[in-house]
Amino acid sequence: MRSRGARRALRLPIRFAGGLLAASGIASLALRARALSSGGALAATLVGSCVFAGVGFRGSAALIAYFSTSTLLGRLPNAATAQQRRGNRRDAIQVLANGGIPATLAFVAGLGKPGARPLAQAGYFGAVASATGDTWATEIGMRLGHNPRSIVTFQPTPPGASGGITLTGLGGSLCGAAMIALLADAKPSPLSPCQRSTAFAIALGGFTGSLADSFLGATAQEVRTCLNCGVETELLVHCGSVATRRTRGAAWCNNDVVNALSTAIGAGATMALVASLHREVGTMRPRRPCVGKAITLPLL
């Protein structure tokens, strides 16, 4: 008789094939809506397939919620201009920068042992919550926030500049992370103490990753200045054909690198919080309902 791990490993290719079919359909719709480039659609199909294979319907629902809300927010009227953007169509690098860590953790959850699977699941949701919180903070903060300030120096910064934060944007970040945390357990029944602490860890871990994105944007991310108009940007060429000059940050650290690092930080913070909170809950209850097998997210 096959072990539970062997049966899970056999199910993984089947679920990957099902995810491939569904993800390719969604990516095709996004390509037609000009939300993704052709390369972005291929990358999104790969990410979506790994996610469905590893964490199932609810994990996929969280990823779709992140992408759809980010796309809708990005297309709302905006008075400010973000010089860091490459347009509303996400390319393959942008998709992998935001979805690479979640896809990896999802696949690890699908292949992992029972003891490692719950933490990988929590890390997946934490990474998606981080990406969602960061995008909501940027889109909402640029439209509704006032007087953005650097997260490091608290000095005023231009709207849309890397590392700038507003109170409205921080609120948007927290709401975006909380949405993913709720989707991690979408059951209509009241949450148990174990599930409540898991949802709290996902929301807080995602918010932490979003803050890390702003911090890295203010300290490590490459910022260039147009030699013609003096505007800060991450583009190599500005004002049509005018070269830009690097004024701060590391040459290797662009916005995509920052996004990947922040999702990793959000995932790591979530896993650390889940392990800590469930250990604490387990010591408070005699029958230890949140230890061992109970540290799970009901995904399927």
Side-chain angles (χ1 to χ4, degrees), residues 12 15-16 18-31 33 35-74 85-111 120-139 173 176-177 179-181 183-184 202 205-206 209-210 212-213 216 254-271 299:
L12 200 64
R15 292 170 62 176
F16 184 87
L20 182 64
L21 182 63
S24 60
I26 295 173
S28 297
L29 293 176
L31 181 62
L36 291 172
S37 67
S38 56
L42 290 175
T45 300
L46 176 62
V47 169
S49 303
C50 291
V51 167
F52 183 78
V55 292
F57 288 105
R58 288 185 184 155
S60 299
L63 188 65
I64 292 171
Y66 155 65
F67 177 71
S68 58
T69 57
S70 299
T71 301
L72 290 174
L73 286 172
R85 290 189 176 179
R86 289 179 288 182
N88 287 328
R89 299 185 70 181
R90 294 173 182 252
D91 58 26
I93 295 177
Q94 288 172 308
V95 170
L96 294 176
N98 288 283
I101 297 297
T104 301
L105 287 168
F107 214 72
V108 169
L111 288 173
Q121 290 175 353
Y124 164 78
F125 282 105
V128 177
S130 175
T132 306
D134 173 55
T135 303
W136 282 35
T138 301
E139 302 295 350
S173 174
M179 178 189 72
I180 300 302
L183 287 174
I202 292 170
S210 177
D213 187 282
L216 290 170
N254 60 18
N255 187 60
D256 297 318
V257 173
V258 169
N259 286 338
L261 291 174
S262 64
T263 56
I265 292 171
T270 300
M271 289 188 286
L299 296 173

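In this text the structure is predicted, and so the values were computed from the model without any measurement.
Remark: Ile26 pairs with Ile64 by the side-chain contact (heavy atoms from CB on, under 4.5 Å) rule, at least two apart or across chains. For Ala120, the side-chain contact (heavy atoms from CB on, under 4.5 Å) partners at least two apart in sequence or on another chain are Val108, Ala109. Ala65 is linked by a side-chain contact (heavy atoms from CB on, under 4.5 Å) to Met179, Leu183, counting only residues two or more places apart in sequence or in another chain. Remark: Ser28 pairs with no residue by the side-chain contact (heavy atoms from CB on, under 4.5 Å) rule, at least two apart or across chains.
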Table please: side-chain donor-acceptor pairs of residues 122-132 below 3.5 Å, with sequence neighbours left out.
unit_1, atom_1, unit_2, atom_2, d
Tyr124, OH, Gly59, O, 2.5
Ser130, OG, Ser262, O, 3.2
Thr132, OG1, Val128, O, 2.8

Please list, one pair per line, the donor and acceptor atoms closer than 3.5 Å that link side chains of residues 36-54 to other protein atoms, with sequence neighbours excluded.
unit_1, atom_1, unit_2, atom_2, d
Ser37, OG, Gly40, N, 3.1
Ser37, OG, Arg90, O, 3.4
Thr45, OG1, Ala41, O, 2.8
Ser49, OG, Leu20, N, 3.3
Ser49, OG, Thr45, O, 2.7

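Nearest heavy atom pair, residue Ala269 against residue Gly205, reads CB-CA, 4.1 Å. Scanning all heavy atoms of the two residues, the minimum distance from Ile202 to Ala184 falls at CD1-CB, 3.7 Å. What you find for Val257 and Asn254 is that their closest heavy atoms are N-OD1, 3.0 Å.
Note that CG of Leu21 and CZ of Phe16 are 12.0 Å apart. Values are rounded to the nearest 0.5 Å. The CG atom of Leu96 sits 10.5 Å away from atom CD1 of Ile101, with the distance rounded to the nearest 0.5 Å. With values rounded to the nearest 0.5 angstrom, Asp213 atom CG is found 3.5 Å from Asp134 atom CG. Once rounded to the nearest 0.5 Å, the distance linking OG1 of Thr263 with CD1 of Ile265 reads 8.5 Å.
Annotation: side chain of Thr135 is not in contact with side chain of Leu73 (no heavy-atom distance under 4.5 Å).
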